[in-house]
Every structure is written in structure tokens, then in C-alpha cells.
Novice: 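Take this structure first; my questions come after.
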There are 2 protein chains.
Amino acid sequence: MAITIKEIARLAGVSVTTVSQILNQKGGRFSEATKQRVLTVIKEQNYSPNYFASNIIAKKSKTIGVIVPDFSEQFASAIVREIKRHLEEQGYYLIICESDHEFEKEQVLLEQLAKIAVEGIILFTPNLYDQDQRIRKGRYQEIPVVFADRGLNEGYYGTVKIDEFSGVYRALEWLIEEGHRRIGLLMDDAEHYHLAERFDAYRQALQDHQLIIEETHIKQMPLTIEGGYQGATELLRETEVSAIFCCDDMLAIGCYQAVFDSGRVLDQEITVVGFDGGEVTQIVRPKIRSVRQPYKELGNAYADKIRMAIQQPDRQMDDRLFHVSFDPE
Amino acid sequence: MAITIKEIARLAGVSVTTVSQILNQKGGRFSEATKQRVLTVIKEQNYSPNYFASNIIAKKSKTIGVIVPDFSEQFASAIVREIKRHLEEQGYYLIICESDHEFEKEQVLLEQLAKIAVEGIILFTPNLYDQDQRIRKGRYQEIPVVFADRGLNEGYYGTVKIDEFSGVYRALEWLIEEGHRRIGLLMDDAEHYHLAERFDAYRQALQDHQLIIEETHIKQMPLTIEGGYQGATELLRETEVSAIFCCDDMLAIGCYQAVFDSGRVLDQEITVVGFDGGEVTQIVRPKIRSVRQPYKELGNAYADKIRMAIQQPDRQMDDRLFHVSFDPE
DNA sequence: CTGAAAGCGCTTACAG
DNA sequence: CTGAAAGCGCTTACAG
């Protein structure tokens, strides 16, 4: 059994009130001698107040819940890392949960997090909450919820949007400058995410440069390495593309594997560009050029929002817009 | 303000005792009618007991702390994933913290986790705790601590050891069978980890096959991609090795990059073998053959230990031994 | 400068 | 079958 405030008070020869006040920096009125005596006993006994007892009064758990679709997905992981750094500096604990992309699991997790009284929730989700009354005011059972969904849902605390268009457009422009005329596209199959903006940028870039958009150059695939492998294999077999733009780094990795297996030389016979700019693109050789997400900025934005939402749950916040970037080096 | 048990009692026309008992499956003695009435009100109001108030009595947070040296290190991540799966099934929450390999940060985190009353702590650490009185009995301030350190520290709840020797030996044997006579070694520089067992297996395997151990074939490097790159670059420049055994997958990745930059063809001119068998080895092409850690088994072992330690903090447990494996396909 | 007392939301003997 | 009361460990008006 851990030691209690009562015991500390007894040992220091004061009342529990005194101990409590001194412990919580509200002891200005006590004599220096008393303060020292109490602090010494606290130190000696290595006492710290019972977390639950304090919280029942303070109603603060200093804990924030984060729901991500998949721990191994690098987009969310990279952002969560930033969020974590940011929020832990402020003395918050993070509980990170995995939803497997499923709306139902998100509900269960929201419920659980509410039960353990997290102070706020950051929800990475591919799902639409537009109709959800419970979450309409940015709250799930009184707890502020901030969406980290690239602007899919209109959050009460302002939407965080990412301009993907300009970065993708820039990447395509670069490929065209490099002399590529037949550029394949590996895009999502709209299973979880709809990466329409990236598709639009691809089309617009080709069009602006008088290139014809060939249906056969476009493959819709699950956003996985296997998806990329299969899509690229088909492109290599059926078309004459000399470059492939992948709407996701995992697709690009699969693409690399397919090019390798086809015996072609990367960057010489086939150039691959990815999207997200994750670590993995820097690990393989040759490095994958990839449109980079503003991870740091996004992490800060979400962390800021949840912090402000906790402090002022009724205050609405501005929308924020961030940009991806493309740098072929 | 969330609704309280008092309010539920009022709405159901019963006492708080009744509500509490029914809520905690101790309501056998109440009439079916009462039970239904109470449960209905609870449901209607979407009531759940205040987490802190319950815990102050139950003294259970259902939370477990996990300390890892580095979130992006794949060895610990892969195991934590298993631990998480296992423990969340049992209704525990995990709080995962990062120590940056530092003993001092571990101390701060242990302190913090104790303060928020986690029920147990799993400590991934490269540091020695042998002398640490506070943790001698497997506890830090009453909280059970299980070491996840490959058997470095002698834990109160039994040591989890990994036999690395046989797997590394097998890998070297395979290289020799493949005809390699000059095999380089990239090993740790003993900064955080001392991978002596892997080194021993390398030496023993060469010796058993009448191969001379050349000092120039062995490079000590930090366990990073950069370390692997630099070590391999030196080996390729200074020696005639046709294979390189890397004591860590990150070294192997760096190795791959160095071979690529040197213009040599992987698996034809240089064969690289790694250690850990992480995902990354399956992403690059050609795939990296790598000695595989028993992630699943390790995760289960740590999860089991902490669960039992929580339930029976004074019971000592058996040591456990797991094996790495090597399968060149 | 200090402390007795009420109260946070809950659970659990105990009495009827 | 049911509830009044004590108590968990703490904080916070309030009185002196």
C-alpha cells in the first residue's frame, strides 16, 4: 500500500490541509519552517498524491487518446510522433489505439477512451462523420475530438486541409521536363481513401503539357506494396510507360520490386515517383523521389488544436491549410 | 459535467448502493424489476462510472506502461505490437514511452508511470539494473517491472533470453555452403548494445570450417544505416569479401546502399545477410536474408509475465529461452 | 499562519 | 430484497 497524505501529515506534525496546500503550490501563507518540514517528509517518504484521488477532484487525467487506422501506416505514425513530442512536453500522456480503418472499431475506442476519462481525442480516420450527432460539436461524451483526416470531415475545431494538388502537379511537371511522355499512374481503389486530388493533378499536368491521358496508363490498386507490385507489373507488360507516378509510397515500393523483377534498370529505363515522402523512400536504392507531406506542421497543428480544445471547448478555431512539397534534388 | 451515480439512483428511484451493486454484477439479490429499471436508466443516460472514483477504491488502472529506447527501432516495435495485441485483449491500456536509450530518462519515465498508477511496466532497456535496489524485487514503487532486454538484466520475474548463436551460426554456414570464403562482419561498436553472441557465432562458424578470421574483415559500427554504409564501403574498398554478415538489419540496409553505390550487383558479386528479420528486409530487392527474431513468442512471453506479475507480484517465474531462426529459402 | 470539516463520485460492509 | 452510513485519498472553501 502506498503512503497517504494523512501519514505525511502525521509525520510532519501538521494537518492534511497543510500538506495538500504546500504540495500544490498554494502554500504561500505557511511559514518557511513548516514548508521545509513538510517537503522533507514528502521527499523522505517519496510520496506522491494518489493519481485517482487528485483527479476525481481536478477532473483532469492529463491523458489524450489518439486513434489511428493502422500502427504500421507511416503517414499517421510520422504525424503521431510529432504530436507525441509536442504534447508530452506539455505534460500529457498519450494512449494510442488502432481502428483497422473501421468505423465500428472507432466507436468502441471512442467509448473506451471516454470511459478512462481522456481529456481529448485525436481521431485519424478515413470515415465520414458528417451525420454523427454525438460528434457534431467536436465532442464525444463531453470530450473534445479533433479530426486528423486531411480535411475529410468538417471538424468543429476547424479543418486541417492539405493541398496535395500543387505538389503532385510539380512532380509530374518534373517528369515531363525530364523527357517522359508516357507516364503511368498507380492510384487508390477507393477502398479506404479517395485520393482524387492527386489524380486531378496528374490529369491537369498532362493536359497542360499536351500529353494524352491514356486509360491504360492508369491502374487502381489497394494502397499496399502488393498493390503497387501488381499494378506496375501490368503497366510494364501492357504499356510503354517510362515513368510511373504512385499516389502512395507503398505503391512506389511495390513498383520498385516489379521493375526489379522485370529486369529493368530504375531511373534509367523506368522512373518512379511516390507520394508521402516517408522514410522508406530514402532507404531503397536508387532513392525514391516522393512528394513530401508536411509531417511536422501537421503534427503541431493537431497538437495545438487538441490543446486549445481542452482549454476552451466551446471556442471555434480557424481552418488551416498545409502544402506538400516535391524536391527532385 | 458527466452524470453521476446519484442522479441515476434518483431517476431509477433506488439508492446509490443498488445502482452500484447492479452495475458491478453484484446485484444477484435485487429483484428482476429493479435490475431492469436501473439498467434502463443507465442505458438511457449513457452512464458509466467515474473512472477515478472507481479506481480510488479498486486501486486498478488497467493500464500498463511500456518503455522503449526508440519508437522507430523495429526490434522493440515489432514486439510491442504483439504485447499490445495480447494485453488489449485482456482489457489493458498501454502507455508507450521513449527513453532514447538513456538510463536517466528511464528513471524519469518509471517515476511518471508510477505516478499515474500503471499496474505494471515493461522495460525495454540496453542498460544494466543489477545494482538497482529499487528494482531488485521486480518492482518500482510497488509496481511490477518486467525486463525486455534479451536477458541482460536478471529480472525478478524470470529472464527472457534469446539464443542468437545457433541462428547466426546457421547463417554463416549457409554462406560457406554457397561458396563464400571471405566473409565480412559488420558488428556493433558497443555503444548501446553488445552483440557479443553474434560475433562469437561468426568466429566459431568460420573456425569450424577452416576459414581464417581476418581482422580487416570485421568492422565495428553504430547500428544505423549510416554505420552500415560506411562499414561496407570500407570493406569493399579494402578487402576482397564476397559476402557480409551484418549483426543488425539497419547495418544490412546501409550495406545494400554501399554495394549499390559501388556499382556491384547484389547476390551476384556480394551477398548480404542481416539480423532481426524485420519488415524492411522484405521490402528491398533483392530481399535481404536475415536471421529472424521470434517476435511473436517474445511479445507473448513479456505480456504473460507482466500479467502474472500484476496478479501475483511475489511469485517468481521461470526463465525462458527463445531461438532466432535463419531460412535462406 | 493553521486546521476542522465538507465534499468529489464511487464501493462495501452492515443492518434491517 | 433494499438502503443509510462509512470510507477510499484527496482538495478546497471557511473559520479562526
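Sequence lines set the chain letters: A, B, ... in the order given, protein chains first and strands last, and positions in each chain run from 1. Only a predicted model underlies this, so the values are computations on that prediction, with no experimental measurement involved.
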Novice: Any pair with a residue in residues 42-55 of chain A that passes salt bridge (charged side-chain N to carboxylate O under 4.0 Å, His left out), sequence neighbours left out, goes on the list, sorted by first then second residue, please.
Specialist: none

Novice: Take atom CD1 of A/I56 and atom C1' of C/dA6, then tell me their distance rounded to the nearest Å.
Specialist: 14 Å

Novice: Figure out the CG/P separation between A/N50 and D/dG7, and round it to whole Å.
Specialist: 18 Å

Novice: What residue pairs, at least two apart or across chains, pass side chain to side chain donor-acceptor pair (under 3.5 Å) with a residue in residues 95-110 of chain B?
Specialist: B/D100-B/K105, B/E106-B/T125, B/E106-B/N127, B/E106-B/Y129, B/Q107-B/Y129, B/Q107-B/R134

Novice: A/D304: which residues meet the salt bridge (charged side-chain N to carboxylate O under 4.0 Å, His left out) condition with it, sequence neighbours left out?
Specialist: A/R307

Novice: Where the side chain of A/T4 is concerned, which of D/dC10, C/dA4, D/dT2 is the nearest nucleotide?
Specialist: D/dC10

Novice: Show me the protein contacts with nucleotides 11-13 of chain C, counting only N or O atoms at under 3.5 Å.
Specialist:
{"residue": "C/dT11", "atom": "OP1", "partner": "B/N24", "partner atom": "ND2", "Å": "3.1"}
{"residue": "C/dT11", "atom": "OP2", "partner": "B/S20", "partner atom": "OG", "Å": "2.7"}
{"residue": "C/dT12", "atom": "OP1", "partner": "B/K26", "partner atom": "NZ", "Å": "3.2"}
{"residue": "C/dT12", "atom": "OP2", "partner": "B/K26", "partner atom": "NZ", "Å": "3.1"}
{"residue": "C/dT12", "atom": "O4", "partner": "B/T17", "partner atom": "OG1", "Å": "3.3"}

Novice: How many whole angstroms separate atom NZ of A/K60 from atom P of C/dC8?
Specialist: 17 Å

Novice: Report the residues that fulfil side chain to side chain donor-acceptor pair (under 3.5 Å) with B/E119, sequence neighbours left out, ordered by chain and then residue number.
Specialist: none

Novice: Both atom distances under 3.5 Å, Watson-Crick or G-U wobble: I'd like the secondary structure of DNA chain C as a dot-bracket string, with | for pairs made across strands.
Specialist: |||.||||||||.|||

Novice: Hey, can you pull the residues of residues 108-118 of chain B with a non-hydrogen atom under 4.0 angstrom from DNA chain D?
Specialist: none

Novice: Pick the nucleotide of DNA chain D nearest each of B/S15 and A/F52; which residue has the one closer to the 5' end?
Specialist: B/S15

Novice: What is the distance, rounded to the nearest whole Å, between atom OH of B/Y51 and atom P of C/dC10?
Specialist: 15 Å

Novice: Test: salt bridge (charged side-chain N to carboxylate O under 4.0 Å, His left out). Region: residues 8-23 of chain B. Which pairs qualify, not counting sequence neighbours?
Specialist: B/E7-B/R10

Novice: Tell me, please, which residues at least two apart from A/S72 pass side chain to side chain donor-acceptor pair (under 3.5 Å).
Specialist: A/D70

Novice: With sequence neighbours excluded, tell me which residues meet side chain to side chain donor-acceptor pair (under 3.5 Å) with B/Q21.
Specialist: B/R29

Novice: Can you check the B/E7 CD to C/dC8 C1' distance for me, whole Å?
Specialist: 16 Å

Novice: Think B/K62 forms a cation-pi with B/Y92, using NZ or CZ under 6.0 Å from the six-ring centre and within 45 degrees of its axis?
Specialist: yes

Novice: For the pair made of CD1 in B/I8 and C1' in C/dC10, what is the distance, rounded to whole Å?
Specialist: 13 Å

Novice: Does the structure place the NZ or CZ of B/R150 under 6.0 Å from the centre of the six-membered ring of B/F75, at an angle of no more than 45° from the ring's axis?
Specialist: yes

Novice: With sequence neighbours left out, what residues match A/E32 under side chain to side chain donor-acceptor pair (under 3.5 Å)?
Specialist: A/Q36

Novice: How would you list, by chain and number, every residue that makes a salt bridge (charged side-chain N to carboxylate O under 4.0 Å, His left out) with A/R320, sequence neighbours excluded?
Specialist: none

Novice: Please state how far atom CD1 in A/I3 lies from atom P in D/dG9, giving the value in whole angstrom units.
Specialist: 12 Å

Novice: How close or far is atom P of C/dC1 from atom NZ of A/K35, stated in whole angstroms?
Specialist: 9 Å

Novice: Taking 4.0 Å as the cut-off, does a side-chain nitrogen or oxygen of A/T18 come that near to OP1 or OP2 on C/dT2?
Specialist: no

